[in-house]
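Data block below; observations after.
For ligands, and for the atoms within them, numbers begin at 1 and follow the listed sequence.
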Amino acid sequence: MLNIANRMNSVKTLIFSELNNYKKRKQQEGMEMIDLSIGSPDQPPPSFVIESLAADVKDPAQYGYTISGIDAFHHAVSSYYQERFNVKVDPHKEVIQLMGSQDGIVHLPLVFCNPGDIILVPDPGYTAYESGVHIAEAEGYPMPLLEENGFLPDLSKIPEDIAKKAKMMILNFPGNPIPALATKQFFTEVVAFAKKYNIIVAHDFAYSELIFDQKQPVSFLSIEGAKDVGVEFNSLSKSFNMAGTRIGFLCGNEEVIQLFQRLKSHVDYGIFEPIQRAAVKALTQGQNFLKQNAKLYERRRDFLINGLANIGWKIKPSEATMFIWAKIPAGKQSLSFTYELMDKAGVVVTPGIAFGEHGEGYVRIALVQDEKTLLKVIERIEKSGIIA
Ligand SMILES: Cc1ncc(COP(=O)(O)O)c(C=O)c1O
């Protein structure tokens, strides 16, 4: 019998592995399964990024530790933020490289939270926020994202004693699992709230480039005073389909960045240089690709939403991201509905409850298959009679 640390009691196996095991069982039984559960891009990075990587892996000089990242990467992030979001960040003092934004999301609470401290988290929210809370032995306080509030947290509903005890607030717009956008007005309220209660805001902007219908991304850091209270995560995983070549960054408040840098210097020794160089190319030469990539998801969104509407499943169109947040028929539970979809239609989605209590009543559908496969999904759901 191994003696495990107490913190592991709250670090649970994620529902994704359970769903994956069930999917494999179904496949072994001979059922063809279509997986729309994980947000892993099915498309490759731009070809100039692959070519850059392929050339650089042949360079023997690029195999050393890179510690906190090459200069060119820091400068590329800084100019990308200026050009894309009209935000100034100092390439060295206000940018830190990450092995994917997940690296920062789960480690940042270790810098600011003692056991029992409160972190305000979106509910439903991306599962890594809860992971970071647990690893730091902090307590997550859920901020419900409700349709009637445009899926924005209602800050006035956070009790005064909780706000006073909170060390951090995590936000994510456009969000996973809820593909909604924030408004400048909401972010302005967040800045005021964070200043009042001395809370660090960490905004996850991993989907900053997957925005539809000509809407514009709003960087939290573009709001006046935001850099006094907060930082923003970003990543090349979804923007440039580089999920496997792990690279992302955190930028914003200098003090937060410098403290996090101190922790990171004990955790890893940097990212493989060819990946950094490829990321520089993506960030500085990828504007056309970004437009095409967003269009691809927008087309898939329209295809699936229209197809499902035709068979009686009406879903609010996503404003952004690679996900659809679909309300399920009244009276059904998201987990049992997910298993029913696997059993009767051979389609794998993620139950809303996996993202928090307020995710109940919904499932998340990832647009990670082409339209031919999405057509099969629509036909199978229709045939299964689940929606009727
Ligand atoms: C909202 C959100 N943030 C962060 C991540 C982590 O991405 P990465 O670590 O690849 O940057 C994901 C991945 O799915 C995500 O959905």
Side-chain angles (χ1 to χ4, degrees), residues 14-17 19-20 35-45 49 69 73 77 80 95-109 119 121-133 135 143 145 151 153 168-182 201-211 217 219-220 231-251 260 264 267-268 271-272 275-276 278-279 282-283 293 297 318-325 349-350 352 354-356 359 364-368:
L14 292 171
I15 190 133
F16 299 101
S17 26
L19 293 175
N20 200 33
D35 197 339
L36 304 178
S37 67
I38 305 281
S40 184
D42 60 310
Q43 297 294 306
V49 164
F73 178 80
V77 168
Y80 166 73
V95 176
I96 179 170
Q97 189 173 82
L98 300 171
M99 294 184 162
S101 52
Q102 185 97 350
D103 167 23
I105 291 167
V106 299
H107 288 135
L108 189 63
I119 304 182
V121 288
D123 175 3
Y126 178 52
T127 48
Y129 310 144
E130 210 50 35
S131 316
V133 167
I135 291 168
M143 299 182 290
L145 306 184
F151 294 114
M168 290 176 68
M169 175 191 283
I170 300 178
L171 295 172
N172 172 218
F173 295 102
N176 170 15
I178 300 186
L181 297 171
V201 178
H203 179 233
D204 179 355
F205 206 27
Y207 294 95
S208 63
E209 297 293 355
L210 299 185
I211 297 188
S219 162
F220 176 68
V231 283
E232 190 157 84
F233 293 106
N234 212 319
S235 166
L236 283 85
S237 295
K238 320 285 171 159
S239 304
F240 295 102
N241 298 332
M242 292 174 70
T245 44
R246 312 283 303 132
I247 189 157
F249 53 93
L250 179 67
C251 55
F260 192 48
K264 278 278 285 173
V267 175
D268 63 70
I271 293 169
F272 187 36
I275 295 179
Q276 297 190 51
L283 289 170
N293 204 35
Y297 287 107
S318 316
E319 296 182 278
T321 79
M322 59 207 309
F323 303 110
I324 285 177
W325 185 238
V349 299
T350 310
F355 303 100
R364 189 193 72 177
I365 308 175
L367 298 165
V368 290

**Prompt:** What distance do Ile247 atom CD1 and Ile271 atom CD1 have between them, rounded to the nearest 0.5 Å?
**Reply:**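 One finds 4.0 Å between CD1 of Ile247 and CD1 of Ile271.
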Using a strict cut-off of 4.0 Å, indicate which atoms of ligand 1 neighbour a heavy atom of [X].
{"X": "Arg246", "value": "8 (P), 9 (O), 10 (O)"}
{"X": "Asn172", "value": "1 (C)"}
{"X": "Gly100", "value": "9 (O), 11 (O)"}
{"X": "Asn176", "value": "1 (C), 15 (C), 16 (O)"}
{"X": "Ser237", "value": "8 (P), 10 (O), 11 (O)"}
{"X": "Lys238", "value": "13 (C), 14 (O)"}

**Message:** Run Gln102 and Tyr126 through side chain to side chain donor-acceptor pair (under 3.5 Å) and show every step you take.
**Reply:** CA-CA 10 Å; Gln102 185 97 350; Tyr126 178 52; 2.6 Å; yes
**For atom 2 (C) of ligand 1, the protein heavy atom that lies nearest, with its residue and separation** =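 Looking at atom 2 (C) of ligand 1, the protein heavy atom closest to it is Asp204 OD2, 3.3 Å.
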What are the two closest heavy atoms between [X] and [Y], and how far apart are they?
{"X": "Lys238", "Y": "Tyr207", "result": "NZ-OH, 3.2 Å"}
{"X": "Met168", "Y": "Leu108", "result": "CE-CD2, 3.8 Å"}
{"X": "Ala354", "Y": "Thr127", "result": "O-CG2, 3.7 Å"}
{"X": "Val349", "Y": "Leu19", "result": "O-CD1, 3.6 Å"}
{"X": "Pro124", "Y": "Pro177", "result": "CB-CG, 3.8 Å"}

Backbone, side chain, both or neither: what part of [X] comes under 4.0 angstrom of ligand 1, heavy atoms only?
{"X": "Ser101", "value": "both"}
{"X": "Ile105", "value": "side chain"}
{"X": "Tyr207", "value": "side chain"}

**Request:** Would you check the N or O atoms of Asp103, main chain and side chain alike, for any that come under 3.5 Å of an N or O of ligand 1?
**Result:**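 For ligand 1, there is no N or O atom that lies under 3.5 Å from one belonging to Asp103.
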**Whether Phe205 and His203 hold their rings parallel, tilted or perpendicular, with breakpoints at 30° and 60°** =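 Ring orientation of Phe205 relative to His203: tilted.
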**Item:** Proximal candidate to atom 11 (O) of ligand 1 [heavy atom criterion; set Gly244, Ser235, Ala206]
**Value:**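 The option holding the nearest heavy atom is Ser235.
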